[in-house]
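So that the names make sense, note that chain A is the first sequence line, chain B the second, and so on, each numbered from 1.
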Amino acid sequence: MTPLDEQDEHVRLFRSAVLRFYSRHRRDLPWRRSQDAYHILVSEVMLQQTQVNRVIPKYERFLARFPTVHVLASARLRDVVRAWIGLGYNSRGLRLWRCAKIIAQRHGGVVPDDVEQLRALPGIGTYTACAIASFAYGKPHPAIDTNVRRVLSRVLFGRDSVSAAVLRRAAARVFPARAARRWCQALMDVAALHCRSSPRCEGCPALMTCRFAPKVARALPRRPSGSAAPRKAAFAGSPRFFRGRIIRILSGVGSMPVARLLSEAKDGSPKAEGARIASLVDDLRREGLLRIDRRRRRVWLP
DNA sequence: AACTCGGGGGG
DNA sequence: CCCCCAGAGTT
């Protein structure tokens with residue numbers, strides 16, 4: 001048996017173990033019950049940098065409120081933003097709304113199945129485009145997110161991470177074209193249930209073929225706990241904190257005086273000068289999340 | 001390549 | 001208190 005054959009055999013074992021694991025133990029997630037590409041689109045945007053458990057209730061509420069692309073496309077941004085509260089990264093909601101408008105106007109209300117066309121939509125990057133093409137349409141595009149990256153890096157290279165180029169080649173080599181729709185979701189379940197940031201190897205389907213597992217036993221220190229830690233800024237009082245507050249305040253009213261928004265936003269935060277908050281409001285206006293009538297000095301969500 | 005964008009739950 | 005989490009867009 002040549003080394004190449006050996007390697008191929010190794011990959012086959014890995015693949016079949018992961019797919020078998022998926023058929024038995026896969027998580028029952030709401031967006032996996034649907035084949036509707038719009039549902040997949042909504043779930044994937046919500047899942048950008050946001051945990052599954054927090055997305056589930058928002059996802060179901062969102063689709064009950066905006067059941068189709070057309071409903072979302074003709075909705076008011078304010079209603080979209082209100083449905084988005086609690087998910088964070090509000091501009092994702094804005095971009096999803098713009099996505100729906102483009103899909104309704106230029107794609108006949110059908111979410112594209114082509115990766116390039118998907119990539120061209122606002123808020124859809126490489127990962128999300130591949131995820132939609134693959135999960136909704138069964139097209140053979142590896143959707144490489146942090147989970148897939150971590151599992152493949154560990155199993156194939158015995159490291160927590162490898163360079164993007166190396167990983168891309170490895171992902172393509174391992175990718176089973178016949179199981180395109182399931183493969184990456186299977187890897188995500190392996191990541192969520194076993195190959196977590198801090199690994200739980202017991203019961204992992206990749207255990208036998210994993211180059212990382214042997215290293216896990218000797219526990220890693222896991223904490224430099226060093227003196228020179230850069231020390232992160234507090235969340236309260238940060239730009240993110242105030243942006244979130246501004247959006248939350250505005251989502252509850254039709255429109256309001258700019259001055260009142262500023263005072264309500266900094267309420268209870270004496271450190272925040274009005275000028276700083278005003279500049280955050282202007283950032284939000286530039287991004288398209290809110291509108292300002294300078295003459296009448298009023299602000300609102302479109 | 002480095003930053004910014006929310007918010008919550010867990011170690 | 002720090003870290004992580006189905007990333008994308010801008011500079």
Of A:L121 and A:R196, whose nearest nucleotide on DNA chain C comes first from the 5' end? A:R196

Minimum-distance nucleotide (side-chain atoms of A:Q51 versus B:dG11, C:dC4, B:dG6): C:dC4

Just compare B:dG7, C:dA8, C:dA6 and give me whichever is closest to any side-chain atom of A:R32. C:dA6

List the atom of A:V45, the atom of A:I124, and the distance in Å for their closest heavy-atom pair. CG2-CD1, 4.3 Å

Any A:T146 side-chain nitrogen or oxygen under 4.0 Å from OP1 or OP2 of C:dC5: no

Run through A:R92, A:R95, A:R243 and flag the one making a salt bridge (charged side-chain N to carboxylate O under 4.0 Å, His left out) with A:E287. A:R243

Is it true that the NZ or CZ of A:R26 lies under 6.0 Å from the centre of A:Y22's six-membered ring and within 45 degrees of the ring axis? yes

Quick one: does A:R150 reach the base of C:dA6 with a side-chain donor-acceptor pair under 3.5 Å? no

In residues 81-104 of chain A, what residues come within less than 4.0 Å of DNA chain C, judged by heavy atoms? A:R95

Closest to the A:R119 side chain, choosing from B:dG11, C:dG9, C:dC4: C:dG9

Worked verdict on A:Q35 versus A:R181 for side chain to side chain donor-acceptor pair (under 3.5 Å): CA-CA 11 Å; A:Q35 295 273 24; A:R181 201 185 290 264; 2.9 Å; yes

A:W183 atom CH2 is separated from C:dA6 atom P, nearest whole Å, by 18 Å

Is A:T128 close to A:L121 at the side-chain level, that is, under 4.5 Å between some pair of heavy atoms? no

A:V52 side-chain proximity, nearest of C:dA8, C:dA6, B:dG8: C:dA6

Protein-nucleotide distance (A:E287, atom CD; C:dA8, atom C1'), rounded to Å: 12 Å

Among C:dA6, C:dA8, B:dG7, which nucleotide sits nearest the side chain of A:W31? C:dA6

Checking side-chain contact (heavy atoms from CB on, under 4.5 Å) between A:V299 and each of A:I292, A:I249, A:D293, A:V253, which is the one that passes? A:I292

How long is the line joining CG of A:D283 and P of B:dT4, in whole Å? 12 Å

Under a 3.5 Å cutoff on both atom distances, Watson-Crick or G-U, what's the dot-bracket for DNA chain B ([ ] crossing, | other strand)? |||||.|||||

Looking only at atom P, what distance separates B:dG6 and C:dT10, rounded to whole Å? 14 Å

Verify the contact: side-chain N or O of A:R245 to OP1 or OP2 of B:dG6, cut-off strictly under 4.0 Å; return yes or no. no

A:T128, nearest nucleotide to its side chain (from B:dG11, C:dC5, C:dG7): C:dG7

Quiz item: A:T50 side-chain donor-acceptor pair to B:dG8 base, under 3.5 Å: no

Atom-to-atom span, CE of A:M188 to C1' of C:dC4 - whole angstrom: 17 Å

Rounding to an integer number of angstrom, what distance separates B:dG11 and C:dA6 when you compare their P atoms? 15 Å

Reckon A:T126 touches a base, only the sugar-phosphate, or nothing at all at heavy-atom distances under 4.0 Å? sugar-phosphate

Other residues, nucleotides, ligands: >12 heavy atoms within 6.0 Å of A:R298 CZ: yes

Report the distance from atom CG of A:L72 to atom SG of A:C99, rounding to the nearest 0.5 Å. 9.0 Å

Could you go through the side chain to side chain donor-acceptor pair (under 3.5 Å) check for A:Q185 and A:R32 one step at a time? CA-CA 9 Å; A:Q185 303 198 46; A:R32 287 180 177 171; 2.8 Å; yes

Only one of A:L261, A:D282, A:I246 passes side-chain contact (heavy atoms from CB on, under 4.5 Å) with A:I277; say which it is. A:I246

